[in-house]
Amino acid sequence: MVSTRELEQHSTHDVTNQPPPLAPYDASEDTALLEGLRREGAGWAEEGIRRLGLRAGSAEAQEWGELADRHEPELRTHNRYGNRVDEVDFHPSWHHLMRVAVAEGLAGAPWAEDRAGVHVARTAGGLVWGHTDAGHGCPTSMTYAAVPALRRQPELAKIYEPLLTGREYDPELRVPTEKRGLLAGMGMTEKQGGSDVRTNTTTATPTAEPGLYTLRGHKWFTSAPMCDLFLVLAQALDGLTCFLVPRVLPDGSRNTFRIQRLKDKLGNRSNASSEPEFDGTVAWRVGPEGQGVKTIIEMVNCTRLDCVMMSSTLMRKTLVEAGHHVRHRSAFGARLVDQPLMRNVLADLALESEAATTLSLRLAGAADRAVRGDAGEAAFRRIATAVGKYWVTKRGPAFTAEALECLGGNGYVEESGMPRHYREAPLLSIWEGSGNVNALDVMRALRREPGTARAFFDELALAQGADARLDAAVTRIEGQLAQVSETGARRLVELMALALQASLLVRHAPPAVADAFCATRLGGDWGHAFGTLPDAADLDAILARALPDGV
């Protein structure tokens, strides 16, 4: 008989050369984030952001994110008695994530405060809490964005805004005014048009009561169907109009909101996206008839900012994962983090991550100051948000793929979490207008709103003379503006984004970071993949700033 000791001596399951679990870690340990938080006027929120960062990186919160993604929402169209209920059931982890997000002010709460920097603090909170799960960022983002649009109809805002801006998460489906807090969703697109919402066929018929309509139609992509209220677009007598649709009516009856199916998506699987049908659905008009697009434009500015923020968060999260792995993994006689080519890859990713984070916070600062009446910042926000949305979200998929590759085969395995992040990345370029839509929106702003161009160049001028490559890029942009065609819109917007990021880094980042970014992204001393920084780049300084523990 073989003894236990002998079995142990011949065991083949000794685990070596594998990293320990990353969690617990501090998701707010990001120098670029904390510096941007202070610079953009929300230094008062740093203690709360650091506390939230520790919670986001805890083993418990990381598990919530994994479980919410693994156990996807389920649609119940009918109850056991055959009655139509149209409810979506979620894993408890989803509710844990939502409860924290709402309590920490990541939904509508900033609109209830008059403190300078509150919108910056919210963006910073998203940059750290997003390390858990991206899906639940959808309803919090839409709730945040719904408030300024709802203010176009003051009598409705008076009723619902105090609940949309509250910090209590109440997932039960009942009369909105009887709840402790509300979430808002959106129903804009339809199957025949997508981003071309002016082709919508959902109709709005007025009732005898002023401002009250009934809707009939089929929405194609409505997130998130478990919300309490929805802002939707429909064709009224005078054209495309915005409406408020509650799931439960004031008398306690269910509004007609028939969820035909949930979308089977590539990523963002913890969040439910749906196709609802309206048939005699009760709705209140928001803003004048025929001004639906004008009514929701402020909402679009908010959600596009969140796309930049969430893409930046994915970059930072996957960079942290990659950095953790290479610190603890060895190959060919040395730790991966000490291998020169791996250091080049990580440093290149670190540059991209810092540029995205810095731009996210600058856009949040512009939004905060625009809300407070700064016309110059409002003009800058108008164009820079579309520029940032186009470029940062485009960089996300390539970035997450490279970070995944740092883990090798381990990164291709679901339990590493990296495939989940990789599947998430493309969404942010699609949501709230694909790349073409945003590039053309930049062109539209340049042509129709001259103040936006002035505001953009005024921002770039703050770094004038600090780097010859940046100055040359600004000159190229000025030259292209007069002759660029629609087919060249992406090329122009890409250069605008890189120049804007470079100007921020030149002004606010250490010389090693700014120089390497300008040399590669603007100066052409770069390859076509991450990990191709020039020999002159100070990899040690870049990595010590981005990943200070043991690099």
Check whether Thr165 reaches the backbone of Ala112 with its side chain - one donor and one acceptor, N or O, closer than 3.5 Å. no
Measure from the side-chain N and O atoms of Trp44 to the backbone N and O of Ala116, and report whether any donor-acceptor pair falls under 3.5 Å. yes
Kindly assign one of parallel, tilted or perpendicular to the pair Phe380 and Phe456, based on the angle between their ring planes and the thresholds 30° and 60°. parallel
Nearest heavy-atom approach of Trp111 to Tyr144 is NE1-O, 2.8 Å
Test salt bridge (Lys or Arg N to Asp or Glu O under 4.0 Å) applied to Glu449 and Arg454, step by step: CA-CA 9 Å; Glu449 304 172 56; Arg454 288 194 298 273; over 6 Å; no
Would [X] and [Y] pass as an ion pair if we require N to O under 4.0 Å?
X: Asp30; Y: Arg316; value: yes
X: Arg115; Y: Asp368; value: no
X: Glu424; Y: Arg420; value: no
X: Arg521; Y: Glu352; value: yes

Only one of Arg447, Lys389, Arg448, Arg304 passes salt bridge (charged side-chain N to carboxylate O under 4.0 Å, His left out) with Asp441; say which it is. Arg304
Have a look at Trp94 and tell me which of Asp69, Asn271, Leu67 forms a side-chain contact (heavy atoms from CB on, under 4.5 Å) with it. Asn271
The single option from Arg381, His119, Glu40 passing side-chain contact (heavy atoms from CB on, under 4.5 Å) against Arg369: Glu40
Would Tyr25 and His324 count as having a side-chain donor-acceptor pair, cut-off 3.5 Å? no
Asp348-Trp526 side chain donor-acceptor pair, cut-off 3.5 Å: yes
Hey, is [atom1] on [X] packed in by over 12 heavy atoms from elsewhere, all under 6.0 Å?
X: Tyr422; atom1: OH; answer: no
X: Glu63; atom1: CD; answer: no
X: Glu113; atom1: CD; answer: yes
X: Asn17; atom1: CG; answer: yes

Going by salt bridge (Lys or Arg N to Asp or Glu O under 4.0 Å), name the pairs with one or both residues in residues 483-512, residues two or more places apart or in two chains. Glu459-Arg507
Quick one: CG on Leu349 to OG1 on Thr318, what's the gap to the nearest 0.5 Å? 7.5 Å
Spatial distance of atom CG (Asn438) from atom NZ (Lys394) [nearest 0.5 Å]: 9.0 Å
Residue list, side chain to side chain donor-acceptor pair (under 3.5 Å) with Arg99, at least two apart or on another chain: none
Dump the intermediate steps for salt bridge (Lys or Arg N to Asp or Glu O under 4.0 Å) on Lys265 and Glu72, then the final yes or no. CA-CA 11 Å; Lys265 298 173 292 184; Glu72 298 175 21; over 6 Å; no
